[in-house]
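Reviewing the structure listed below.
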Amino acid sequence: QVHLRESGGGVVESGGSLRLSCRPSGNILVLPVVGWYRQAPGKQRELVASITSGDSLTYADFVQGRFTISRDNTKNTLYLQMDNLKPEDTATYLCNNVYSEYDPRLWDQDYWGQGTQVTVTL
C-alpha cells in the first residue's frame, strides 16, 4: 500500500481559499504526470489538476482560473492552491499519479491515500 499524505483541507465559506499539500512517503509520484483528484459523496473520482515532469499544467474546466497546482521537488511535495471556492467544490481531495482510465490502479484503493476533506459553505 502506498502512503500519500494529503493535508490542508477544512471548512471555508464560499469565496474563501485553501492550500492543500501532498507529501508521499518515498518515491510514489513517479509517473510523468501527477495531480490532484477529488471525490464527492455519490460521485466518481475526477481529475482536478495535473502537472507534468516538465511543469506543464492542466486544469479541469470547473476549476480553471481558480485553482493552481505546483510542486516543490526539493521537499517532495505537491500543492493545490484553491481560491474563490464554491459549495460545489466540496469533496475529498486526493493526490496521485495521473493514471489512464484503463489502469487498474485508478480504482485500487491500495494505491490511494485517505485524502483531505474540503467543505465549502454558503
Side-chain angles (χ1 to χ4, degrees):
Q1 185 173 12
V2 301
H3 294 283
L4 290 155
R5 293 170 289 180
E6 301 94 344
S7 63
V11 180
V12 63
E13 291 185 348
S14 181
S17 299
L18 286 172
R19 188 192 193 205
L20 307 184
S21 299
C22 167
R23 187 164 187 179
S25 54
N27 294 324
I28 298 172
L29 301 179
V30 294
L31 293 187
V33 187
V34 298
W36 286 92
Y37 293 78
R38 72 185 187 186
Q39 186 162 18
K43 295 187 177 180
Q44 268 199 330
R45 188 173 296 160
E46 55 187 0
L47 182 62
V48 173
S50 64
I51 181 169
T52 70
S53 55
D55 289 338
S56 177
L57 311 179
T58 303
Y59 298 95
D61 289 342
F62 50 80
V63 302
Q64 183 73 44
R66 301 188 297 123
F67 290 11
T68 303
I69 187 172
S70 62
R71 68 199 301 173
D72 185 336
N73 292 328
T74 64
K75 297 180 180 180
N76 192 29
T77 302
L78 187 68
Y79 301 100
L80 185 67
Q81 176 67 40
M82 306 188 295
D83 298 317
N84 191 20
L85 282 161
K86 304 175 180 180
E88 50 264 43
D89 294 320
T90 296
T92 298
Y93 285 73
L94 310 103
C95 65
N96 214 328
N97 298 288
V98 175
Y99 299 116
S100 78
E101 61 183 301
Y102 306 107
D103 193 322
R105 291 174 292 182
L106 184 60
W107 310 111
D108 186 342
Q109 191 55 39
D110 284 346
Y111 290 89
W112 295 83
Q114 295 300 309
T116 185
Q117 177 66 36
V118 171
T119 302
V120 185
T121 63
L122 289 170

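With hydrogens and angles ignored, the 3.5 Å screen pairs a side-chain donor or acceptor of Thr90 with a backbone N or O of Val120. Under the 3.5 Å distance criterion, the side-chain polar atoms of Thr92 are left unmatched by any main-chain donor or acceptor of Gly115. Judged purely by atom type and a 3.5 angstrom limit, Asn97 has no side-chain atom pairing as donor or acceptor with the backbone of Tyr99. At least one donor-acceptor pair closer than 3.5 Å links the side chain of Arg45 to the backbone N or O of Leu106. Checking side-chain atoms of Arg105 against main-chain N and O of Asp110 turns up no donor-acceptor pair under 3.5 Å.
In terms of heavy-atom proximity, Val98 sits nearest to Ser50 at CG2-CB, 3.9 Å. Pairing each heavy atom of Gln81 with each of Ser17, the nearest pair is NE2-CB, 4.0 Å. In terms of heavy-atom proximity, Leu85 sits nearest to Val12 at CD1-CG1, 3.6 Å. Residues Asp89 and Asn84 approach most closely at OD2-O, 4.5 Å, considering heavy atoms. Contact between Arg38 and Glu88 at its shortest, heavy atoms only, is NH2-O, 3.8 Å. Smallest separation of non-hydrogen atoms from Thr121 and Val11: CG2-CG1, 3.9 Å.
Taking the side chain as every heavy atom from C-beta outward, Tyr37 and Gln44 never approach each other to under 4.5 Å. No side-chain heavy atom of Tyr79 sits under 4.5 Å from any side-chain heavy atom of Thr68. Contact of the Leu20 side chain with the Met82 side chain is registered, since non-hydrogen atoms from C-beta on lie closer than 4.5 Å. For the pair Leu4 and Asn96, the minimum side-chain heavy-atom distance is below 4.5 Å.
Centroid-to-centroid, the aromatic rings of Trp36 and Phe67 stay 6.0 Å apart or farther.
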